[in-house]
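First the structure, in the form of structure tokens, and then the observations on it.
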Amino acid sequence: MSQEQPPTPAPDSSLDGSDQFAVRQSKLERLRESGSDPFRSNWDQSHTSSEALSLLPEDLEEGPEVSVAGRIVALRLMGKASFLKIIDREGKIQSYVRKDEIGEDEYADFKKLDLGDFIGVRGPLFRTKTGEITIRAKEYRLVSKALRPLPEKWHGLTDNEQIYRQRYLDLIVNEDSRDRFKARSRIIREIREFFWARDFLEVETPMLQSVSGGAAARPFRTHFNALDCDFSMRIALELHLKRLLVGGFDRVFEVGRVFRNEGLSRRHNPEFTMLEAYQAYTDYRGMMELTQSLIQQVAERALGTLQMERTEGDAIDLSGDWKEAKYKDLIIEAVGQDDWFELPKAAMLEKTKSMGIEVDPELEEFEITNDVFEKVIEHTLIQPTFVTHIPRELCPLAKITQDDESTIDVFELCINGQEIAPAYSEQNDPFVQREAFMKQVGEETQELDDDFLLALEHGMPPAGGMGLGIDRLVIFLTKASNIRDTILFPTLRPS
RNA sequence: GGGUCGGUAGCUCAAUCGGUAGAGCAGUGGCCUUUUAAGCCAUUGGUUCCGGGUUCGAGUCCCGGCCGGCCUACCA
């Protein structure tokens with residue numbers, strides 16, 4: 001971890017350079033003694049780095065004067081002239097500083113700047129011998145001092161722990177990380193644009209809930225002193241968004257954080273970002289069209305392509321209409337026998353054992369089957385696939401398929417070997433809903449939400465609903481390998 | 001939670017069989033007016049994650065702990 005020295009007391013003229021924090025602090029002291037405090041300076045920017053770079057067309061050698069500001073990330077000092085690179089929110093730009101143009105004293109001060117300092121630079125654009133567009137500085141000013149050194153310039157920062165705990169350092173020196181988080185922001189922006197354009201109302205529902213339902217996961221619990229009662233952090237958005245369908249907001253969506261008190265892994269962070277959308281007078285088939293259009297439009301607009309390269313294997317092709325497959329057909333194909341769903345439990349266990357899958361013998365038949373799906377099938381679904389006709393036991397909130405009592409009107413969208421988005425024809429029969437809830441209430445992670453059932457009894461229009469894990473979407477859209485690379489500040493053990 | 005690998009200078013990494021802890025970058029002092037990981041000369045900097053143990057001697061071996069990576073488990 002980082003070395004936390006206490007601030008060194010007084011600057012020492014006999015500094016030997018071993019303690020970079022102390023050296024920089026003493027530079028700051030000297031500046032203050034000479035009457036300038038960089039922490040109280042500012043700078044008027046006329047352009048960002050990339051705007052400035054666009055002002056010098058190929059056929060010209062000299063461009064207009066610009067004024068930019070940013071953090072120094074490269075410094076090449078020479079006797080009477082120097083090059084430096086600064087980085088701002090859009091990228092890097094080089095500047096050239098000459099002693100004979102800014103003056104002898106100014107140049108002496110300039111050479112005391114450190115990597116990491118924020119400066120402003122003003123001057124005309126020109127092209128160097130090697131063709132790089134560069135600002136010839138007429139004036140510069142230190143606008144904020146950096147007292148700690150930057151990570152190494154060539155390898156950047158590679159220590160995972162430091163990347164997560166000091167994300168700002170990662171963002172300063174690792175361009176791919178910067179780009180990934182910018183892409184995440186664009187993706188979320190495009191998701192909102194998509195729903196706004198379809199006349200959905202964006203809403204916010206409670207994160208603190210007395211009953212956290214809508215999914216089967218352990219919640220984080222906390223206590224509210226004013227009311228002296230326990231609350232949970234939400235584990236899903238579903239039940240409150242459906243209350244809004246009851247209330248007449250018949251197209252709603254929310255993008256928000258949910259919290260699940262489960263394990264950490266490459267694909268799980270205890271707080272993550274969920275999109276849920278509900279549309280009245282449609283069903284899971286309507287949600288299929290919506291989900292496909294959503295992801296295609298977001299990829300096209302945020303990333304400019306529907307072909308997602310992967311580090312290994314074929315690229316993911318998001319174009320066209322996506323494949324559909326029935327859950328039962330996938331299972332039968334995977335186990336290689338047509339009568340799987342008629343088999344007694346013992347035979348199922350025997351079969352899974354022969355396939356090399358570990359299954360808890362206490363599980364019920366549908367759970368064994370779902371283990372087969374999760375352990376054998378899911379990771380093979382790389383290209384976008386809507387898995388439909390899922391066993392009813394797996395989801396209590398969806399409508400039962402009319403001509404097959406054993407399944408529900410649901411799809412699970414799998415991409416990149418992961419479940420990305422489930423969608424249902426939402427259950428709006430309060431009696432069937434209560435019955436389905438009661439069956440699950442015995443389970444440790446399930447609580448009965450009577451208030452939600454009361455709302456259903458007032459009537460909820462027929463509707464399709466969809467949920468999408470944004471972090472997982474970002475993982476495959478940005479070729480990240482770990483959910484932590486898509487969350488700016490992932491959950492870590494306190495240091 | 002279990003398994004496994006790792007933690008050495010500000011950063012990226014070395015250190016043979018257990019035998020004086022090193023390099024590059026960064027820093028410091030010089031030289032250098034078009035550099036591109038600038039170059040050249042000189043140079044500072046270490047609680048080897050923490051605590052025990054074995055040993056004449058431990059970065060290295062043993063035990064315990066802390067933090068992290070990966071795998072796995074839990075997770076509709």
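Numbers restart at 1 for each chain; the letters A, B, ... are given by sequence-line order, proteins then strands.
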Cation over ring face, Arg136(A) and Phe126(A), 6.0 Å, 45°: yes
Strictly below 4.0 Å, N to O, side chains only: are [X] and [Y] in salt-bridge contact?
| X | Y | answer |
| --- | --- | --- |
| Glu426(A) | Lys399(A) | no |
| Lys80(A) | Glu101(A) | no |
| Lys85(A) | Glu132(A) | yes |
| Arg98(A) | Asp100(A) | yes |
| Asp404(A) | Lys328(A) | yes |
| Lys345(A) | Glu364(A) | no |
| Arg243(A) | Asp449(A) | yes |

Pairwise P distance for U60(B) and U54(B), with rounding to whole Å: 15 Å
Rounded distance in Å between the C1' positions of U43(B) and G3(B): 48 Å
Reading 5' to 3' through nucleotides 35-43 of chain B, protein heavy-atom contacts under 4.0 Å coded B for base, S for sugar-phosphate only, - for none: BBBB-----
If pairing requires Watson-Crick or G-U wobble contacts with both distances under 3.5 Å, which nucleotide is the partner of [N]?
| N | result |
| --- | --- |
| G68(B) | C5(B) |
| G24(B) | C11(B) |
| G39(B) | C31(B) |

Minimum-distance pair of heavy atoms, taken over all atoms of Ala480(A) and Thr486(A): CB-CG2, 3.9 Å
Nearest to side-chain heavy atoms of Pro151(A), which nucleotide of C75(B), C11(B), G68(B): C11(B)
Side chain of Asp159(A) - closest among C75(B), U12(B), A73(B): U12(B)
Euclidean distance, atom CG of residue Asn261(A) to atom P of G1(B) [Å, nearest integer]: 13 Å
Interatomic distance where CG belongs to Asp371(A) and P belongs to A76(B) [whole Å]: 12 Å
Under 4.0 angstrom between [X] side-chain N/O and [N] OP1 or OP2:
| X | N | result |
| --- | --- | --- |
| Arg165(A) | G68(B) | yes |
| Arg493(A) | C66(B) | no |
| Arg218(A) | C74(B) | no |
| Lys27(A) | U28(B) | yes |
| Thr158(A) | U12(B) | yes |
| Gln162(A) | C11(B) | yes |

Ser26(A) side-chain N/O to Arg24(A) backbone N/O, donor-acceptor pair under 3.5 Å: no
Donor-acceptor under 3.5 Å (Thr385(A) side chain, Lys323(A) main chain): no
Stretch residues 97-107 of chain A: residues that reach within less than 4.0 Å of RNA chain B through a heavy atom: Arg98(A), Asp100(A)
Between N or O atoms, less than 3.5 Å apart, protein on one side and nucleotides 2-8 of chain B on the other: list the pairs.
none

